[in-house]
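Read through the structure below, which is laid out as structure tokens, and then see the notes.
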Number of protein chains: 2
Amino acid sequence: MSSASENHSLTLLIRKLESIATLTDEERQAILSLPSKTRVLAPGQDIARDGDKPSQCCLILDGWACRYKVLNKGRRQIFSFHIAGDIPDLQSLHLHTMDHSLGTITQATVAFIPHESMRELTTRYPGLAAAFWRDTLVDAAIFREWMIGMGRKSAFGRIAHLFCEMYLKLQAVGLARGYRCPLPITQIDIGDALGLSNVHVNRTLQDIRGKGLITLRDNTLVIQAWEEMIRTSEFDPTYLHLEKRAAG
Amino acid sequence: MSSASENHSLTLLIRKLESIATLTDEERQAILSLPSKTRVLAPGQDIARDGDKPSQCCLILDGWACRYKVLNKGRRQIFSFHIAGDIPDLQSLHLHTMDHSLGTITQATVAFIPHESMRELTTRYPGLAAAFWRDTLVDAAIFREWMIGMGRKSAFGRIAHLFCEMYLKLQAVGLARGYRCPLPITQIDIGDALGLSNVHVNRTLQDIRGKGLITLRDNTLVIQAWEEMIRTSEFDPTYLHLEKRAAG
DNA sequence: CGACCGTTTGAATGCCCTCAATACGCGTGG
DNA sequence: CCACGCGTATTGAGGGCATTCAAACGGTCG
């Protein structure tokens with residue numbers, strides 16, 4: 001939590017924003033001077049809960065998180081998975097009441113940034129406001145793509161599509177290469193994200209594995225047949241709006 | 001298309017923004033001086049298509065539109081329905097390539113505003129940028145709610161939830177009252193929005209009607225048992241983030 | 001009137017769910 | 001060091017919600 005290490009944390013934010021926008025030196029400097037507090041959170045810990053009115057937002061530095069909502073009878077819907085560089089509750093800057101929860105999946109390191117500072121920053125630097133705005137728009141684009149899956153695709157297509165998406169997202173921030181990436185989520189998580197039962201996720205995974213398209217062991221996913229995966233899942237990366245390649 | 005009528009059009013935009021934010025006189029004036037061209041579009045006409053790179057965005061003045069994407073074998077997913085006051089392709093301001101299409105459902109009157117003008121406006125007035133940003137965030141919140149439906153709710157719950165949502169959205173802009181609202185969409189549209197076949201939508205509608213919860217005739221929806229509707233569909237309006245009531 | 005689109009109904013199928021039990025992996029504690 | 005607990009993964013069986021295919025009905029428009 002020293003000033004030095006906090007600046008280092010915010011470098012990750014700069015890198016993320018530069019993967020979707022062009023920043024001036026002044027804007028970069030402004031980001032580095034954001035106040036932030038870094039915390040290490042245990043797996044399965046909530047960062048913000050449905051109904052909360054947060055006064056800060058969080059930048060994920062390491063580990064995985066997800067946004068979700070719990071319904072009655074224990075049903076759960078996961079809306080998104082988040083990795084290093086993401087600000088999963090950026091929306092709370094302008095939607096003051098949380099309409100869902102945000103929690104860690106793995107142990108995670110996160111940096112908290114006060115809303116007040118973010119508001120000053122975006123008011124002063126319209127270019128940064130646009131970059132952050134864009135980030136939330138990509139978020140929404142991913143929601144739409146998941147809607148397609150849940151509305152119109154088979155379990156096979158949904159799971160394959162999710163794997164392609166996560167691989168590209170991780171690759172974009174240098175956390176994946178060679179069709180290999182970490183995937184520290186359970187089959188229950190996958191089911192809750194895609195609207196499937198854990199039983200059916202299991203059977204479908206066996207199907208995908210059996211066709212030789214992927215391997216998935218020890219929280220590591222290897223996509224062995226990329227072309228076939230994107231074909232059967234109708235995956236088109238346009239919606240991720242990855243205009244530039246981040247450094248690996 | 002006279003200057004006078006265009007200013008009148010933009011009054012609707014001011015009213016919409018004031019339902020989610022507070023504007024200064026200067027900001028209101030700035031919106032009124034936006035250039036715009038008004039067009040009347042036929043039903044089923046595309047405003048922007050998947051893959052397009054629009055240079056303007058559109059404000060709906062009258063009629064209904066929807067965002068959607070077509071997959072192979074004629075499958076279609078509708079992401080959202082839009083009514084007067086909405087700017088359904090506002091995202092194109094910062095995501096330059098359309099990852100889905102936008103089209104009319106009914107005959108519709110829309111005002112087109114150049115991206116360039118929107119960018120100047122949001123750069124100059126951070127408060128307006130925040131208001132527009134907030135609008136896209138509410139959009140995303142609605143996506144999340146639809147994901148819950150498609151992932152975890154029955155056809156009955158999904159349809160009932162959609163009806164509650166559309167009623168409140170219409171009420172917020174003065175287009176509905178007394179649990180009665182226009183609903184100019186086909187059962188096919190409902191199915192494509194909620195991930196159901198038109199056949200099952202039809203049977204489920206009969207079920208909902210049979211229970212005396214609604215009537216739906218001549219493109220008019222009447223919610224006869226609001227409490228029961230929100231209970232069975234687990235509808236909680238928080239996600240719409242309607243902080244203020246717009247004038248009726 | 002005929003064409004067309006949306007609605008309605010029937011029948012058969014199927015994808016996925018629920019319930020249930022077993023197996024596996026891992027960390028904790030005896 | 002092994003037993004135990006716990007969460008996850010796996011397998012089996014049965015059932016249900018929703019789908020697909022098909023056909024008939026109804027309203028609107030040219």
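Residue numbers start from 1 in every chain, and the chains themselves are labelled A, B, ... in the order their sequence lines are given, proteins ahead of strands. Keep in mind that what you see is a predicted model, and the values were worked out from it rather than measured.
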| Looking at the side chain of B/Gln187, which of C/dT8, C/dT9, D/dA18 is the nearest nucleotide? |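 In terms of side-chain proximity for B/Gln187, the closest of C/dT8, C/dT9, D/dA18 is C/dT8.
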
| field | Listed nucleotide nearest any side-chain atom of A/Ile188, set D/dT10, D/dT8, C/dC17 | value |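 The listed nucleotide nearest to A/Ile188's side chain is D/dT8.
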
Return the value, rounded to whole Å, for the distance between atom [atom1] of [X] and atom [atom2] of [N].
X: B/Met150; N: D/dT19; atom1: CE; atom2: P; result: 12 Å
X: A/His200; N: D/dA13; atom1: NE2; atom2: P; result: 18 Å
X: A/Arg203; N: C/dC16; atom1: CZ; atom2: C1'; result: 10 Å
X: A/Asn219; N: D/dA9; atom1: CG; atom2: C1'; result: 13 Å
X: A/Asp192; N: C/dC17; atom1: CG; atom2: P; result: 11 Å
X: A/Leu194; N: C/dC17; atom1: CG; atom2: C1'; result: 16 Å
X: A/Ile159; N: C/dC16; atom1: CD1; atom2: P; result: 9 Å
X: B/Leu205; N: C/dT7; atom1: CG; atom2: P; result: 9 Å

Looking across every strand, which nucleic acid part, if any, lies under 4.0 Å from [X] by heavy atom: base, sugar-phosphate, or nothing?
X: A/Thr186; result: sugar-phosphate
X: B/Arg209; result: sugar-phosphate
X: A/Leu196; result: sugar-phosphate
X: B/Thr204; result: nothing
X: A/Gly195; result: sugar-phosphate

| Which residue, A/Arg152 or A/Asn198, contacts DNA chain D at a nucleotide closer to its 5' end, judged by nearest heavy atom? |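 Its nearest nucleotide lies further toward 5', so the answer is A/Asn198.
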
| query | Given that A/Val199 and B/Ser154 both sit by DNA chain D, which one's nearest nucleotide is further toward the 5' end? | reply |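 Nearer the 5' end of the strand: A/Val199.
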
How about [X] and [Y]: are their ring centres within less than 6.0 Å of each other?
X: A/Tyr239; Y: A/His161; value: yes
X: B/Tyr68; Y: B/Phe79; value: no
X: B/Tyr167; Y: B/Trp226; value: yes

| field | Greater than 12 external heavy atoms within 6.0 Å of B/Arg209's CZ | value |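 Yes, CZ of B/Arg209 has more than 12 neighbouring heavy atoms, counting only those of other groups under 6.0 Å.
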
| task | Begin from the C-alpha positions of A/Leu59 and A/Phe112 and carry the test side chain to side chain contact (heavy atoms under 4.5 Å, CB included) through to its verdict. | result | CA-CA 6 Å; A/Leu59 167 67; A/Phe112 290 98; over 6 Å; no

| Using the C1' atoms of five pairs at each end, what's the angle between the two axes of the helix from C/dC1-D/dG30 to C/dG30-D/dC1, to 10 degrees? |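 Overall, the helix from C/dC1-D/dG30 to C/dG30-D/dC1 bends by 30° from one end axis to the other.
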
| said: side chain to side chain contact (heavy atoms under 4.5 Å, CB included), that's the test. Do A/Phe163 and A/Met229 meet it? Break it down for me. | reply: CA-CA 9 Å; A/Phe163 288 172; A/Met229 284 283 280; 4.0 Å; yes

| A/Asn202 vs D/dA9: side-chain N/O to OP1/OP2 distance below 4.0 Å |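 No, no such contact exists.
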
| said: Please tell me if A/Gln206 has a side-chain N or O lying less than 4.0 Å from either OP1 or OP2 of D/dT10. | reply: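 Checking D/dT10 against A/Gln206, no side-chain N or O comes under 4.0 Å of OP1 or OP2.
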
| query | Can a donor-acceptor pair be found between the side chains of B/Gln171 and B/Arg180 at a distance below 3.5 Å? | reply |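 No donor-acceptor contact under 3.5 Å links the two side chains.
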
| message | Is a donor from one side chain sitting under 3.5 angstrom from an acceptor on the other, for A/Gln187 and A/Asn202? | response |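 There is such a pair between these side chains.
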
| query | Want to settle it: does A/Phe156 or A/Asp218 sit nearer the 5' end of DNA chain C, counting the closest nucleotide to each? | reply |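 Mapping each residue to its closest nucleotide by heavy atoms, the 5'-most match is A/Phe156.
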
